Amino acid sequence: MHNLKEIRKDFEAFKKSLEKRSIDVDLNKLKNLDKENRELIQKKEKLEKEKKDISKSKDKSLFAKSKEISLFLEKITDEQKSTKDDLEKILSKIPNVPHKDVPMGKDEHDNVEVNKSGKIPNFDFIPKSHYELGENLGMLDFDLATKTTGSRFVFVKNKLAMLERALSNFMLDIHTSKNGYEEISPPLLASENTMFGTGQLPKFENDQFEVKLEEGTDRKFLIPTAEVILTNIVKDTIVDIKSLPLRFVASTPCFRKEAGSYGKDTKGMIRQHQFYKVELVSIVEQTKCLEELERMTNCATNILDLLELPYRKMILCTGDMGFSAEKTYDIEVWLPSENKYREISSCSSCSTFQAIRMKTRYKSHDKETVYAGTLNGSGLAVGRTLIAILENYQQKDGSVTVPKILRPYMNNLEKISLN
RNA sequence: GGAGAGAUGGCUGAGCGGUUGAAAGCACCGGUCUUGAAAACCGGCAAAGGGGCAACUCUUUCCUGGGUUCGAAUCCCAGUCUCUCCGCCA
């Protein structure tokens, strides 16, 4: 969320900075509501002061007047409250402003490649897709998931289930022992307020799975990413600056409705309603966001290096960035069957955008209370890593070689095959 | 599910109708002392919002939302959460 005070300082500049992003918000209305709101506040405070003075004076002759003021004050207060609500409603739906480094663009076609890494495998046969490989091995079962649950779910079985588990453990080990992240096993449900904090609500309610609970109780949502729950660890707190940066990692299932992506990636497990992801979250001093973004992205690509998977790093253009981000790198892994790179990680700096929503602050070195910076990134999406391994490590006979670094996590298994 | 107890500043914790934004302690910051540090002593230290170029000033906030009152952290009602005991399930 944006700081109204900052917006006010230079409204035109703010307006301009958002032109790069596709937004459906009436910024002029925002400006007017802000003005109206402040006028009402002044009126209100004047009355409150009057009332307070009377009560302090303990002058009985003025008590009746105070009562009168109360009545009027009630009206003004209601009016101010509803103006404030309208204001917040608009404000909460405005996306973060892109950082200057971010290239202008409309959609994913305008993203810019930063670098490539790894060797694209050369096959002397036509490489199969991950779902062909998985189904032939009898270790990916989409039909079974349709039977028990519905579309966009999958059963991962046998050695591939083991591989999935190995991937999680491997990634967690690297991030905790080498990259300084603290491992967390968090709740998978988040409250409405938590979802608001990271920006999933109110604008993207349609993408979320809400859990049906008893009437009258607080709403709860299945987390679409561990980012939500890990970032909100510092919700409503003034963090000790000495404890920064905070770095958390978790491997959790993620749940997404994927509304609006009907017909997209319907085959295979690229786009599922449920998938495992190892998520990295950093809470930093607001001046250190971009520095941390580079670090975090390196933590993610390091996993691909270790797995010896070819990838490229992209910087997202203004039109393709997520709601809360000021700058985002996508890491895309090579998928032989599609003959192209596909997203396997997304690392974003959210500047103070989420911190303002969550009320996460710290005392800066010059003793000011300021908002923290938050970052999140996948390190990596486990399901898609599984796909990448299947496709890049496939053999002519339909078996799959286990990447060397994972073998210790799989009883030294070297090959996944039918037998 | 039944019975109690509680929710106060970064933390611990007093206050139970009127200069209480809130005692005290810890933590933190500044100073004296010290070769340096520790200790001791002195001083400072909440957040959000409004007005002002600024010094500064005003308002709100003691879980949340209502109510009583000229006046509420303090009284009443509703809700949320936490803890203890019993039951139930793991």
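Chain letters run A, B, ... following the sequence lines, proteins first, then strands; residues in each count from 1. Predicted, not measured: the structure shown is a model, and the values here were computed from it. Values reported hereafter were calculated over all heavy atoms of this structure, with side chains retained and with hydrogens, waters and symmetry mates removed.
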Identified pairing partner of B:U61, criterion: Watson-Crick or G-U wobble below 3.5 Å:
B:A46
Between B:G1 and B:C70, how far apart are the C1' atoms? Round to whole Å, please.
46 Å
Counting side-chain heavy atoms from C-beta on, which of B:G71, B:G50, B:A47 comes nearest to A:Ser70?
B:G71
Please compare A:Lys363 and A:Glu74 by the position of their nearest nucleotide in RNA chain B and report the one closer to 5'.
A:Lys363
State, without any angle test, whether A:Glu326 and A:Ser349 hold a side-chain donor-acceptor pair at a distance under 3.5 Å.
yes
Please check if any side-chain donor atom of A:Lys277 sits under 3.5 Å from a side-chain acceptor atom of A:Thr225, or the reverse.
yes
Between B:G25 and B:A46 - P atom distance, rounded Å
16 Å
Describe the nucleic acid contact of A:Lys35 in one word from base, sugar-phosphate, nothing, applying a heavy-atom distance below 4.0 Å.
nothing
Pairing check on B:C33: which nucleotide meets the Watson-Crick or G-U wobble criteria with it, both distances under 3.5 Å?
none
Assigned partner base of B:G17, Watson-Crick or wobble definition, under 3.5 Å
none
Pairing partner of B:U84, by Watson-Crick or G-U wobble and under 3.5 Å for both distances, is B:A3
Length of the NZ-P vector between A:Lys52 and B:U61, whole Å
9 Å
Tell me the interatomic distance from A:Lys60, atom NZ, to B:G71, atom P, rounded to whole angstroms.
15 Å
Roughly how many Å is it from CG in A:Asp53 to C1' in B:C58, rounded to a whole number?
11 Å
Which of the following nucleotides, B:C70, B:G50, B:A47, is nearest to the side chain of A:Thr369?
B:A47
Rounded to the nearest angstrom, tell me the gap between atom CG in A:Asp78 and atom C1' in B:G65.
13 Å
Check whether any side-chain N or O of A:Asn96 sits under 3.5 Å from a backbone N or O of A:Ser324 as a donor-acceptor pair, and report yes or no.
yes
Measure the distance from CG on A:Asn37 to C1' on B:U60 and round it to the nearest whole Å.
14 Å
Of A:Ile41 and A:Lys44, whose closest RNA chain B nucleotide lies nearer the 5' terminus?
A:Ile41
Below 30° counts as parallel, above 60° as perpendicular, anything between as tilted: where do the rings of A:His273 and A:Phe209 land?
perpendicular
Look at the side-chain N and O atoms of A:Arg38 and state whether any lies under 4.0 Å from the OP1 or OP2 oxygen of B:G51.
yes
Nearest of B:C58, B:G50, B:C70 to any side-chain atom of A:Ile54?
B:C70
Please report the distance, rounded to the nearest Å, between NZ in A:Lys67 and C1' in B:U69.
7 Å
Please state the C1' separation for the pair B:G4 and B:G87 - nearest whole angstrom.
15 Å
Counting side-chain heavy atoms from CB outward, which of B:A47, B:G50, B:C28 is closest to A:Arg361?
B:A47
Side-chain donor/acceptor contact of A:Glu45 with base of B:G51 under 3.5 Å
no
Can you name the residues that form a ring-ring contact (aromatic ring centres under 6.0 Å, His included) with A:Phe353, not counting sequence neighbours?
A:His2, A:Phe323
Considering only side-chain heavy atoms of A:Ser55, which listed nucleotide, B:C70, B:G66, B:G51, is closest?
B:C70
When both hydrogen-bonding distances must be under 3.5 Å and the geometry is Watson-Crick or G-U wobble, what is B:A72 paired with, if anything?
none
Can you check the distance between B:G9 and B:A73, where both ends of the measurement are the C1' atom (answer in whole Å)?
13 Å
Check every atom of B:C70, B:G18, B:C58 against the side chain of A:Ser66 and return the nucleotide holding the closest atom.
B:C70
Check whether the side chains of A:Ser337 and A:Glu391 place a donor and an acceptor atom closer than 3.5 Å, and report yes or no.
yes
In whole angstrom, give me the gap between the P atoms of B:A24 and B:C83.
31 Å
Spacing of the C1' atoms in B:U68 and B:C56 (rounded, Å):
37 Å
Pick base, sugar-phosphate or nothing for A:Lys51, based on heavy-atom distances below 4.0 Å to the nucleic acid.
sugar-phosphate
Between A:Leu87 (CG) and B:A48 (P), how many Å, whole number?
18 Å
Given atom NZ of A:Lys220 and atom P of B:U80, what is their separation to the nearest angstrom?
11 Å
Without hydrogens or angle criteria, can the side chains of A:Gln200 and A:Glu192 be said to hold a donor-acceptor pair below 3.5 Å?
no
Say you pick atom P in B:U74 and the same atom in B:G6; how far apart are they, in whole Å?
14 Å
Using a cut-off of 4.0 Å on non-hydrogen atoms, how would the nucleic acid contact of A:Lys5 be classed: base, sugar-phosphate, or nothing?
sugar-phosphate
Going by distance alone, is a donor N or O of one side chain under 3.5 Å from an acceptor N or O of the other, for A:Thr83 and A:Asn37?
no
C1'-based separation of B:U61 from B:G36 [nearest Å]
45 Å
